Amino acid sequence: MAIVKTNRLRWQWLSAVGLSVTLWGQVGVAAEKVSLVYPPFGTFNIDVSDLSTFAKTGNASPELTFLIRLLPSDQGANLREALTESVQIEATSVSQFVSSPTGQAFLQRIGEVIRTDTDRNGGQALGQALKTAAASSSGLNFLGVLKAFPGQSVNVNGDLGLRAVGAFTRAVNEERRTREFIIRLAELQRPVTLPTGGISPAQPGPLQWQRQTIQFVNPNRSPNGIPADLYVPTGTAAAAPLIVISHGLASDRLTFAYLAQHLATHGFAVLAVTHPGSDANKIGSFLSGAPVDYEDLPQDWAQRPLDLKYGIDAVATLVQQTPGLNIDTNNVGLFGQSMGGFTVLAAAGGTVDWAAVQQRCQAIANDLFVFNVSAPLQCRSIAASSQPTNYTDPRVKAVIAVNPVSSVLIGPSGMATIKVPTLIISGSKDVFAPPLVEQVQPFSELTASPRYLAMLVPGTHFSTIGVSEAGVLPVPNDLIGPDPRQAHPFVKGISAAFFGVFNRQNEQLRPFLSQTFATQLTQQTPFQTYWVDRINPQQLQEVIAGRIGTQPTRR
């Protein structure tokens with residue numbers, strides 16, 4: 001996902017407007033009056049003017065003071081700033097999102113809590129308020145949305161609001177317990193002695209490289225072709241294994257150029273693909289107000305793994321036609337992030353049971369308290385006209401999936417069909433692909449051997465990607481986390497070691513697949529890395545439920 005930083009935005013504000021899971025987010029919105037229907041205490045009303053006064057001066061009316069006391073202390077302390085903190089998003093971007101199928105589903109869900117003054121679902125009214133507020137000169141902020149909400153008042157279902165708070169709190173606690181459990185498991189890993197001779201996989205290799213841009217065709221997509229950058233090491237007699245990189249939503253083949261270049265110096269050929277339909281150019285056009293064909297995203301989910309197959313085929317053909325181009329296209333490693341994480345897991349053997357996907361998506365649609373932001377995006381896949389079940393490419397020998405979003409699409413049975421060595425990298429503060437649901441549980445469902453899970457703390461969904469000033473998604477700084485460039489040494493070092501062991505069969509590099517090396521890679525950075533090679537699924541479920549502590553037994 002290509003990103004561009006925006007003004008600082010506190011999570012409390014995002015929670016209130018985006019997820020409606022903090023209590024204040026359930027208090028309601030109205031043009032003149034805020035109302036909270038909260039049995040058995042009755043209805044509480046607050047004038048929007050009182051909120052404006054509080055935001056400007058810090059002076060709260062008696063009614064507002066009472067409601068502030070209901071908030072968790074950390075959110076109450078930040079409420080004043082949250083009311084007026086703005087995020088600069090183009091009005092056309094907000095309008096496009098509100099009108100999209102995902103946006104409509106999102107608003108319908110919130111509208112069960114935030115209702116109109118006639119006690120109807122308030123999703124459409126909220127959508128109109130978001131569009132109006134985004135068009136104002138002050139940018140999109142909570143007070144602006146309040147003032148733009150149509151109608152004299154709004155009825156807010158306080159009971160549903162409190163249930164949402166409870167569900168969100170449980171989700172947060174489950175993530176915390178999971179993180180603590182991973183940390184304890186990693187701490188039980190015995191130190192290893194890292195080789196001192198030769199070049200460390202964390203350092204640039206000895207080889208030079210050349211890059212060329214190629215075009216290939218996935219016959220199920222537009223005949224215009226798919227662009228990809230091919231990095232080829234020079235000065236080596238051995239055939240180079242081929243590593244294929246799959247980007248996430250709103251990214252392109254340049255997002256992991258830093259990794260491609262690093263791997264090329266270590267003797268790997270690298271093919272970095274741009275997936276049409278979910279790339280930076282497509283999402284950028286969408287955010288600029290261009291008409292969107294909503295069939296693109298469902299079709300992109302279904303075609304992404306096939307893009308990799310046809311990309312490998314294209315390189316194989318190029319090798320046959322180009323004397324001296326020494327690339328082993330039967331020895332392939334895959335690297336993907338976010339949506340690209342699903343892509344590479346599917347191509348590595350993770351099967352998709354579309355009937356099960358349909359069932360999961362129906363359950364998600366019926367559950368008001370699902371806080372997995374990636375789930376509705378994954379569910380867009382069920383509208384694809386073509387739905388292959390098995391994307392397995394036998395040329396794939398190893399796979400790295402970073403922040404993968406695949407729980408809905410691949411699921412437990414699909415993860416169990418992956419047979420090649422697998423590394424899943426997670427971020428402890430990933431709010432877009434929650435670590436427990438999207439990485440830790442799927443890791444516990446793997447039967448592949450060996451398999452590894454690395455958790456970056458405090459990693460986010462953006463911690464491993466290349467930061468671009470031309471990024472198309474306006475992401476608040478708090479959600480980006482520490483400068484992603486500080487995590488690049490970890491990504492480069494661990495990827496070179498992983499593919500070195502499983503694609504180059506270099507056993508001297510195996511000690512680098514360890515907690516010892518992971519710790520070394522993130523020293524003197526804001527990140528800490530925790531590395532495990534197995535999780536007991538039953539013990540994980542007990543930890544999640546809080547029935548046992550997070551301290552595992554040394555094996």
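Just so it is clear, the model here is predicted, and its values are computed rather than measured.
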- Please step through side chain to side chain contact (heavy atoms under 4.5 Å, CB included) for the pair Asn403 and Ile425, ending with a clear verdict. CA-CA 6 Å; Asn403 313 114; Ile425 299 176; 6.0 Å; no
- Task: Just do the side-chain hydrogen bond (donor to acceptor under 3.5 Å, both in side chains) check on Ser374 and Glu438 with the steps written out, would you?
- Result: CA-CA 9 Å; Ser374 76; Glu438 294 297 338; 3.3 Å; yes
- Does the pair Phe527 and Phe490 meet the rule for a ring-ring contact (aromatic ring centres under 6.0 Å, His included), with working shown? CA-CA 10 Å; Phe527 299 102; Phe490 168 77; 9.0 Å; no
- Check the pair Tyr258 / Val491 against side chain to side chain contact (heavy atoms under 4.5 Å, CB included), numbers first and verdict last. CA-CA 10 Å; Tyr258 76 89; Val491 177; 3.5 Å; yes
- Message: As a quick check of understanding, evaluate side-chain hydrogen bond (donor to acceptor under 3.5 Å, both in side chains) for Glu112 and Asn121, giving each step before the final call.
- Response: CA-CA 5 Å; Glu112 290 298 312; Asn121 185 293; 2.9 Å; yes
- Task: Go through the steps to decide whether Phe54 and Asn59 satisfy the test side chain to side chain contact (heavy atoms under 4.5 Å, CB included), and finish with yes or no.
- Result: CA-CA 5 Å; Phe54 173 69; Asn59 297 324; over 6 Å; no
- Give the intermediate values and the outcome of salt bridge (Lys or Arg N to Asp or Glu O under 4.0 Å) for residues Glu180 and Arg176. CA-CA 6 Å; Glu180 292 174 354; Arg176 174 185 54 78; 3.5 Å; yes
- Item | Candidate pair Leu456 and Ser426, rule side chain to side chain contact (heavy atoms under 4.5 Å, CB included), full reasoning | CA-CA 6 Å; Leu456 279 173; Ser426 177; over 6 Å; no
- Query: Run the side-chain hydrogen bond (donor to acceptor under 3.5 Å, both in side chains) check on Asp252 and His247 step by step: do they pass?
  - Reply: CA-CA 6 Å; Asp252 57 28; His247 64 78; over 6 Å; no
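The two residues Gly151 and Asp117 have their closest heavy-atom pair at CA-OD2, 3.6 Å. In this structure, Gly127 and Leu107 approach most closely via the heavy-atom pair CA-CD1, 3.8 Å. Closest approach of Ser428 to Arg179, counting heavy atoms only: CB-CD, 3.8 Å. The nearest pair of heavy atoms linking Ile480 to Ser463 is O-OG, 4.1 Å. Residue Gln299 comes nearest to Ser385 through the heavy atom pair OE1-OG, 3.3 Å, listed as atom of the first residue, atom of the second, then distance. Between Gly427 and Pro435, the shortest heavy-atom contact is O-CG, 2.9 Å.
Panel note: side chain Glu175, backbone Leu436; a donor-acceptor pair is recorded below 3.5 Å. Proximity of a side-chain donor or acceptor of His275 to a complementary backbone N or O of Gly248 within less than 3.5 Å is not detected. At distances below 3.5 Å, at least one donor-acceptor pair connects side-chain atoms of Thr53 with backbone N or O atoms of Ser49. Side-chain atoms of Glu445 do not come within 3.5 Å of backbone N or O of Met415 as any donor-acceptor pair. Distance alone, capped at 3.5 Å, is enough to place a donor-acceptor pair between the Arg177 side chain and the Ile544 backbone. At distances below 3.5 Å, at least one donor-acceptor pair connects side-chain atoms of Tyr391 with backbone N or O atoms of Ala302.
Residues passing the side chain to side chain donor-acceptor pair (under 3.5 Å) test with Arg360: none are found, sequence neighbours excluded. With sequence neighbours excluded, the residues satisfying side chain to side chain donor-acceptor pair (under 3.5 Å) with Thr116 are Thr118. With sequence neighbours excluded, no residue satisfies salt bridge (charged side-chain N to carboxylate O under 4.0 Å, His left out) with Asp47. Shown here are the side chain to side chain donor-acceptor pair (under 3.5 Å) partners of Gln108, two or more places apart in sequence or in another chain: there are none. Residues meeting the side chain to side chain donor-acceptor pair (under 3.5 Å) test with Thr132, sequence neighbours left out: Gln128.
A tilted orientation is assigned to the rings of His461 and Phe432, their planes being inclined by 30° to 60°.
Interatomic distance, CG of Leu259 versus CD of Gln337, reported as 11.5 Å (0.5 Å rounding). To the nearest 0.5 Å, atoms OG (Ser381) and CZ (Phe342) are separated by 7.0 Å. Here CD1 of Ile245 is found 11.0 Å from OG1 of Thr274. Values are rounded to the nearest 0.5 Å. In this structure, the separation between CD1 on Ile382 and CH2 on Trp301 is 12.5 Å, given to the nearest 0.5 Å. To the nearest 0.5 Å, the span separating CG on Leu409 from CG on Asp353 amounts to 11.0 Å. For the atom pair CD1 (Ile114) and CG (Leu126), the distance works out to 5.5 Å, reported to the nearest 0.5 Å.
Ser52 has its side chain within reach of Lys147: a pair of non-hydrogen atoms, C-beta onward, lies under 4.5 Å apart. Within the 4.5 Å cutoff, the side chain of Ile182 has heavy atoms near those of the Ile535 side chain. Counting heavy atoms from C-beta on, the side chains of Glu174 and Val543 never come closer than 4.5 Å. Within the 4.5 Å cutoff, the side chain of Ser338 has no heavy atoms near those of the Val402 side chain. For the pair Pro442 and Ile410, the minimum side-chain heavy-atom distance is 4.5 Å or more. Side-chain contact check for Phe181 versus Val440: every heavy-atom pair is 4.5 Å or farther apart. Cys379 has its side chain within reach of Ile364: a pair of non-hydrogen atoms, C-beta onward, lies under 4.5 Å apart. Proximity of Leu306 to Arg221: side-chain heavy atoms (C-beta onward) are nowhere separated by under 4.5 Å.
No option in Thr343, Val273, Leu334, Asp307 other than Thr343 meets the side-chain contact (heavy atoms from CB on, under 4.5 Å) test with Ser246.
If you check the side chains of Gln441 and Ser407, you find no donor sitting under 3.5 Å from an acceptor. Judged by distance alone, the side chains of Gln486 and Thr525 never bring a donor and an acceptor atom under 3.5 Å apart. Donor-acceptor pairing under 3.5 Å is recorded for the side chains of Asn218 and Gln303.
More than 12 non-hydrogen atoms from other residues, nucleotides or ligands lie less than 6.0 angstrom from NZ of Lys131.
Residue pairs meeting the salt bridge (charged side-chain N to carboxylate O under 4.0 Å, His left out) criterion with at least one member in residues 50-66, sequence neighbours excluded, do not occur.
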